[in-house]
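Before any comments, here is the structure.
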Amino acid sequence: MLNFQEQKLMWKQLYEIPNEDIFNHLDYIFKLGDKNYSIDRNLQKCFQRYSSCYDNIKVINKVIKQDIDKICKRCSEVFMINDLKLNFITIVGQFHSNAFVTPFNGKTAFYFLEMLPEQMYLYIVLAHEITHLFQFSQLNKGDDELTLAEYIFIEGLACFASGIICPGFSKAEYLCFNSESNQWLTDCEKYLPNVKTEIINNIESTDYFYSRKYFTNYSGYGNEIPKRIGYVLGYDIISYLNKLYSMDKLILWNSNKINKEVKSAILSIL
């Protein structure tokens with residue numbers, strides 16, 4: 001069995017160096033949230049965990065390309081948008097995220113094989129990020145320029161669209177890609193009225209503080225807000241707006257329209 005230094009050398013020679021542009025981009029992305037982030041520092045822990053993910057990585061890697069093609073076709077049908085040039089990178093990462101869209105090479109959806117859920121939920125994750133690609137092709141803004149309203153709208157649209165593209169799952173499954181989050185959803189729904197005033201007052205803020213607070217593991221339970229509560233609010237807002245507007249219309253909205261309609265929807269549903 002290889003020791004850590006031998007594993008690290010193999011990782012760099014066979015994986016990191018040939019894909020230097022990708023890893024430089026990921027290093028930049030992860031340092032936005034943690035300025036001390038280091039790929040090398042995390043490698044030893046990752047090598048200890050990869051073996052437990054190997055079977056799922058192997059299964060997902062066999063099907064993900066054809067599944068991406070299927071979901072792209074369904075997104076085109078739902079949003080009535082065709083002929084987009086979409087970029088996808090499937091990669092073994094470092095246990096940070098299952099997937100996200102970044103400005104790499106225009107706009108790219110990254111899927112991290114070691115973090116992707118079991119195959120039954122794979123379509124939902126694919127649909128979520130591909131919806132982001134479709135929307136960013138219309139919105140044409142960088143993540144650092146998004147208002148809180150736009151974050152709520154964009155994540156809500158991705159979660160809600162997943163239910164149209166991949167029917168048959170629960171609301172919690174569309175939000176968390178697992179079957180174990182019903183209590184979390186209940187906690188979020190109970191707590192949402194408590195964040196109404198702060199969100200309304202900062203609806204057009206581009207301060208990263210608010211997107212981090214509502215869409216990441218900013219806090220635990222106890223007296224703090226449930227983590228990722230913004231996804232629940234976003235889903236509920238798109239569910240409300242979809243009664244008034246079709247999905248192919250919602251995805252075309254510009255920043256001003258999103259800011260206005262999200263604020264109005266929050267005042268109506270909370």
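Side chain to side chain, S181 and N178 meet the donor-acceptor criterion of an N or O pair below 3.5 Å. A side-chain donor from one of K85 and N87 sits under 3.5 Å from a side-chain acceptor of the other. When only modelled atom types and interatomic distance are considered, S205 and D207 share no side-chain donor-acceptor pair under 3.5 Å. Side chains of E173 and S179: no donor on one and acceptor on the other come within 3.5 Å.
Checking side-chain atoms of T147 against main-chain N and O of T206 turns up no donor-acceptor pair under 3.5 Å. Remark: side-chain polar atoms of Y174 are paired, donor with acceptor, to backbone N or O of C166 under 3.5 angstrom. The main-chain N or O of F23 is never found under 3.5 Å from a side-chain atom of D27 such that the two would form a donor-acceptor pair. Distance alone, capped at 3.5 Å, is enough to place a donor-acceptor pair between the N3 side chain and the E6 backbone. Side chain of T108 to backbone of F104: a donor-acceptor contact under 3.5 angstrom is found. The backbone N or O of L270 sits less than 3.5 Å from a side-chain atom of K196, completing a donor-acceptor pair. S246 places no side-chain N or O within donor-acceptor distance of the main-chain N or O of N242, the cut-off being under 3.5 Å.
A perpendicular orientation is assigned to the rings of W11 and Y15, their planes being inclined by more than 60° (bins at 30° and 60°). Ring pair F153/W253 is parallel by interplanar angle, where below 30° counts as parallel and above 60° as perpendicular. A perpendicular orientation is assigned to the rings of H128 and F177, their planes being inclined by more than 60° (bins at 30° and 60°). Taking the six-membered ring where the residue is Trp, Y37 and H96 present perpendicular rings, their angle passing 60° and hence far from 30°.
The number of heavy atoms from other shown groups lying within 6.0 Å of NZ (K73) does not exceed 12. The environment of K171 atom NZ is dense: over 12 non-hydrogen atoms of other residues, nucleotides or ligands sit within 6.0 angstrom. The environment of CZ in F4 is crowded: more than 12 heavy-atom neighbours from other residues, nucleotides or ligands sit within 6.0 Å.
Aromatic rings of F169 and Y121 (six-membered ring for Trp) have centroids within the 6.0 Å cut-off, being under it. In this structure, F112 has its ring center closer than 6.0 angstrom to the ring center of F100.
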Cut-off 3.5 Å, no hydrogens considered: what does the side-chain donor-acceptor table look like for residues 43-57, sequence neighbours left out?
{"unit_1": "Y50", "atom_1": "OH", "unit_2": "G93", "atom_2": "O", "d": "2.5"}
{"unit_1": "S52", "atom_1": "OG", "unit_2": "R49", "atom_2": "O", "d": "2.7"}
{"unit_1": "N56", "atom_1": "ND2", "unit_2": "L116", "atom_2": "O", "d": "3.1"}

| request: Apply side chain to side chain donor-acceptor pair (under 3.5 Å) to the pair E261 and S264, showing each step before the final yes or no. | output: CA-CA 5 Å; E261 293 289 346; S264 176; 4.9 Å; no

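Within the cation-pi definition used here (under 6.0 Å to the ring centroid, within 45° of the axis), R228 qualifies as a partner of Y231. Geometric assessment of K107 against the ring of F136 yields a positive cation-pi assignment under the 6.0 Å and 45° thresholds.
At a threshold of 4.5 Å between non-hydrogen side-chain atoms, the residues L146 and S211 do not count as touching.
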